[in-house]
Amino acid sequence: TAWLEKPNAKIPTRLLIHFIHRAFAPAIESSAKKINEFEIGAQIIVAGFSSGIARLGYVEDPATLTWLYDRSYHTNGIGGPRAAESLLVHGYQRTDDLASVLFKVYVAKKQSEAGLGVGVDTDVAILERGTPLRFASPAVIEALEAEYQRTHKIPIDLTDIRRRLERTR
């Protein structure tokens, strides 16, 4: 208490920390509990670079962050399983060039749209080391869609298939 008698006395740091803890601990604990229990009803994919290494993770309810160390992609939402299957079937690799990655991810998104409740709106965000996040231009989206239509169209002329089926009867 000798510090109280000095003019312009400063409260010792340990005492100040103790006072703050005693005064605000219940409010801090209550706020932390509310934050941890808050449900946003969505899953957020987190991507970026740390020390030059790409990092990928996701946040889901209740306020849980999961880092993905063994995979270079993550799908979410109701169409997530379908999109993940598409990425596996189409041979997605973390070493693919940007155009290949964009197309494989676009195909996965389009195939996930077959699921009930999956929206058809598509935005493509690109994050590369050393550059700010950017969104693909409408021209890039149009090119992805054109290539998707060209390569994933069901054949209209099934004559050859029908003829071969008749031979196997």
Side-chain angles (χ1 to χ4, degrees), residues 28 31-169:
I28 291 169
S31 296
K33 186 176 181 189
K34 286 178 184 174
I35 289 169
N36 286 333
E37 291 175 352
F38 181 75
E39 295 202 13
I40 57 175
Q43 191 179 81
I44 302 166
I45 295 176
V46 180
F49 292 91
S50 174
S51 302
I53 299 170
R55 303 283 186 218
L56 180 67
Y58 61 94
V59 178
E60 62 184 351
D61 289 331
T64 304
L65 171 63
T66 302
W67 289 109
L68 302 170
Y69 295 105
D70 57 341
R71 287 190 294 166
S72 58
Y73 67 88
H74 179 70
T75 62
N76 65 2
I78 197 164
R82 216 171 267 220
E85 181 180 325
S86 175
L87 290 169
L88 287 170
V89 166
H90 289 96
Y92 169 82
Q93 297 290 318
R94 73 176 65 218
T95 56
D96 288 345
D97 64 278
L98 181 58
S100 295
V101 168
L102 288 179
F103 185 66
K104 289 173 184 177
V105 169
Y106 189 81
V107 168
K109 166 62 170 103
K110 294 297 281 188
Q111 292 183 343
S112 73
E113 290 173 8
L116 202 57
V118 177
V120 296
D121 292 338
T122 301
D123 292 315
V124 177
I126 302 167
L127 181 63
E128 294 181 282
R129 186 182 342 215
T131 63
L133 178 75
R134 68 183 195 274
F135 286 88
S137 68
V140 170
I141 302 291
E142 289 169 13
L144 290 167
E145 178 63 23
E147 186 63 16
Y148 176 77
Q149 291 299 325
R150 188 182 76 73
T151 59
H152 287 78
K153 213 170 196 179
I154 296 174
I156 295 172
D157 184 3
L158 302 175
T159 307
D160 187 47
I161 295 170
R162 287 186 183 103
R163 187 173 58 247
R164 291 172 191 254
L165 284 170
E166 288 298 321
R167 289 183 197 160
T168 60
R169 287 187 183 190

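Residues: numbered from 1 along the sequence shown. Since the structure is predicted, the reported quantities are computational estimates derived from the model, not experimental observations.
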Heavy-atom closest pair, residues Gln111 and Arg82: O-CD, 3.1 Å
Worked check of side chain to side chain contact (heavy atoms under 4.5 Å, CB included) between Leu56 and Trp67: CA-CA 6 Å; Leu56 180 67; Trp67 289 109; 5.9 Å; no
Does Glu85 have more than 12 heavy atoms from other residues, nucleotides or ligands lying within 6.0 Å of its CD? no
Minimum heavy-atom separation for Leu133 to Ala125, with atom names? CD1-CB, 3.8 Å
Tyr73 and Tyr92 aromatic ring geometry - parallel, tilted or perpendicular at 30°/60° bounds: perpendicular
Please report the closest heavy-atom contact between Val107 and Ser86, naming both atoms and the distance. CG1-OG, 3.8 Å
Between Glu147 and Tyr106, is any side-chain donor less than 3.5 angstrom from a side-chain acceptor? no
In this structure, OG1 of Thr122 is separated from NZ of Lys110 (nearest 0.5 Å) by 6.0 Å
I need the Leu158 CG to Arg163 CZ distance, nearest 0.5 Å. 12.0 Å
Does some side-chain heavy atom of Pro138 sit less than 4.5 Å from a side-chain heavy atom of Ile141? no
Residue pair Ile126 / Ala136: nearest heavy atoms and the distance that separates them: CD1-CB, 4.3 Å
OG1 of Thr159 to CZ of Arg164: how many Å apart, nearest 0.5 Å? 12.0 Å
Exercise: identify the closest heavy-atom pair between Gly119 and Glu113: O-CG, 3.6 Å
Which heavy atom of Lys104 sits nearest to which heavy atom of His90, and what is that distance? CE-O, 3.3 Å
Quick one: pull up CG in Leu127 and CZ in Phe135 and give me the separation to the nearest 0.5 Å. 10.5 Å
Side chain of Ser112, backbone of Ala83: donor and acceptor closer than 3.5 Å? no
When rounded to the nearest 0.5 Å, the distance separating NZ of Lys109 from CG of Leu102 is 15.0 Å
